[in-house]
Amino acid sequence: RLLKTAAPDVVDTESRFDAWLEHSEMQRLLHEVTFAKEMRYWFRFDMFFGVVVCINGCSLGLTTAKVFNDSDLIALDIVCLVLFTVEWCFRWYHHIHGFKGMLLDSWTRFDLVVLLITYVDTLVTFTQGSAGGMSVMPALRTFRLMRMIR
């Protein structure tokens, strides 16, 4: 309203921003705003699963330190495993290049290896009991804790 012309009958038919921004620049700005909104969404998503990783790491520490029995925290371990699997599949679904594109990223490959190790650990625990794979499983569980680095 501060930019009114002296003559009230003159109508400005063009936007006042046309002189400063071209169409391609405006599209780029709109893309950056959309990208910023997506980053806020992914930040919340990553923070949620970061908390799940910390909870899972604490439960692994408690079972390794023999504070609790493996069977005491097995339900929490399975819930975390399901959540991590859902996270990985969600990232796969939303990745631009699909499964092949995800395998090009070293962190998602690492997550997939950790998931597979966790499935093997859970399978050994269920089939052979908590003492069945005790020589190999603590070494494999350290890989699960390395996910906290991410």
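- The environment of CH2 in Trp88 is crowded: more than 12 heavy-atom neighbours from other residues, nucleotides or ligands sit within 6.0 Å.
- Between the CG atom in Leu29 and the OG1 atom in Thr34 there is a gap of 10.5 Å [rounded to 0.5 Å].
- Put simply, Ile78 and Leu123 are part of two different groups of oily side chains (I, L, V, M, F, W, Y) that touch within less than 4.5 Å, one to the next.
- Remark: Asp111 CG to Phe84 CZ distance equals 9.0 Å, nearest 0.5 Å.
- Note that CD of Glu87 is 7.0 Å distant from CG of Asp46, once rounded to the nearest 0.5 Å.
- Between Leu112 atom CG and Arg109 atom CZ the span is 10.0 Å, to the nearest 0.5 Å.
- Residues Phe90 and Met102 share a hydrophobic cluster, clusters being chains of Ile/Leu/Val/Met/Phe/Trp/Tyr side chains in contact below 4.5 Å.
- The residue from Thr85, Thr118, Asn56 that alone fulfils the side chain to side chain contact (heavy atoms under 4.5 Å, CB included) condition with Cys80 is Asn56.
- By the criterion of side-chain heavy atoms lying less than 4.5 angstrom apart, applied directly or through intervening Ile, Leu, Val, Met, Phe, Trp or Tyr residues, Phe99 is grouped together with Leu115 in one hydrophobic cluster.
- Interatomic distance, CG of Asp121 versus CG of Leu116, reported as 12.5 Å (0.5 Å rounding).
- For the atom pair Cys89 SG and Tyr93 OH, the distance stands at 12.5 Å (nearest 0.5 Å).
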